[in-house]
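Following: one structure in structure tokens, then a few remarks.
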Amino acid sequence: MEKKTFVLRDLEGLHARNSARVVMAVQRHGDAKVSVGCGGREADGENILELMSLNARYGAEITVTVRGQREREVLEEVEKAVNNSMI
């Protein structure tokens with residue numbers, strides 16, 4: 001299990017587009033289970049509606065937990081996705 005906490009740098013936070021990018025990054029690694037936590041709530045990394053329901057705004061701290069193969073690689077892709085970088 002790998003876990004990383006970071007701050008959202010995208011001005012719109014974890015909005016629809018960034019949530020979709022997270023889902024795509026996670027789905028590329030079908031053997032990895034990803035959860036995203038913010039403000040005491042947790043969402044499945046493959047569920048766009050759950051991710052958006054976290055209501056994670058710019059400057060919010062989120063924690064991503066990955067279980068499975070290539071955990072570090074998945075963490076890096078998820079961080080890039082939520083901070084609006086190319087993945």
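Given the structure is predicted, the values throughout are model-derived calculations rather than measurements.
- Think of Y58 as one node in a network of Ile, Leu, Val, Met, Phe, Trp and Tyr side chains linked at under 4.5 Å; its network also takes in L11.
- Contact check for R21 versus V23: no side-chain heavy atoms found under the 4.5 Å cut-off.
- To the nearest 0.5 Å, the span separating CD on E73 from NE2 on H29 amounts to 4.5 Å.
- Contact detail for T63 and K3: the closest heavy-atom pair is CG2-CG, 3.6 Å.
- Atom CD of E50 sits about 9.5 Å away from atom CZ of R41, to the nearest 0.5 Å.
- Here the closest non-hydrogen pair linking A32 and V66 is CB-CG1, 4.0 Å.
- The shortest non-hydrogen separation linking Q69 to V74 is O-CG2, 4.3 Å.
- Annotation: side chain to side chain donor-acceptor pair (under 3.5 Å) contacts of E12 (sequence neighbours excluded): none.
- Judged by distance alone, with hydrogens and angles left aside, the side-chain atoms of E2 form no donor-acceptor pair with the main-chain N or O of R72 at under 3.5 Å.
- For the pair L51 and D44, the tightest heavy-atom approach, listed with the atom from each and the gap, is CG-O, 3.8 Å.
- The side-chain heavy atoms of V82 and D10, taken from C-beta on, include no pair separated by under 4.5 Å.
- The hydrophobic cluster containing V7, built from Ile/Leu/Val/Met/Phe/Trp/Tyr side-chain heavy atoms closer than 4.5 Å, comprises no other residue.
- Scored by the side chain to side chain donor-acceptor pair (under 3.5 Å) test, K4 finds E79 as partners (sequence neighbours excluded).
- Using a 4.5 Å heavy-atom threshold, the side chains of E46 and Q27 count as touching.
- Under the side chain to side chain donor-acceptor pair (under 3.5 Å) criterion, S35 pairs with E42, sequence neighbours left out.
- Taking 4.5 Å as the limit, some side-chain heavy atom of N47 sits within range of a side-chain heavy atom of L49.
- Qualifying side-chain contact (heavy atoms from CB on, under 4.5 Å) partners for N55, counting only residues two or more places apart in sequence or in other chains: R57.
- Annotation for L8 and A56: closest pair CD1-CB, 3.5 Å, computed over non-hydrogen atoms.
- The shortest non-hydrogen separation linking M52 to S19 is CG-OG, 3.4 Å.
- Using a 4.5 Å cut-off on side-chain heavy atoms (C-beta onward), L54 and V36 make contact.
- Here the side chain of N18 pairs a donor or acceptor atom with the backbone of G13 at under 3.5 angstrom.
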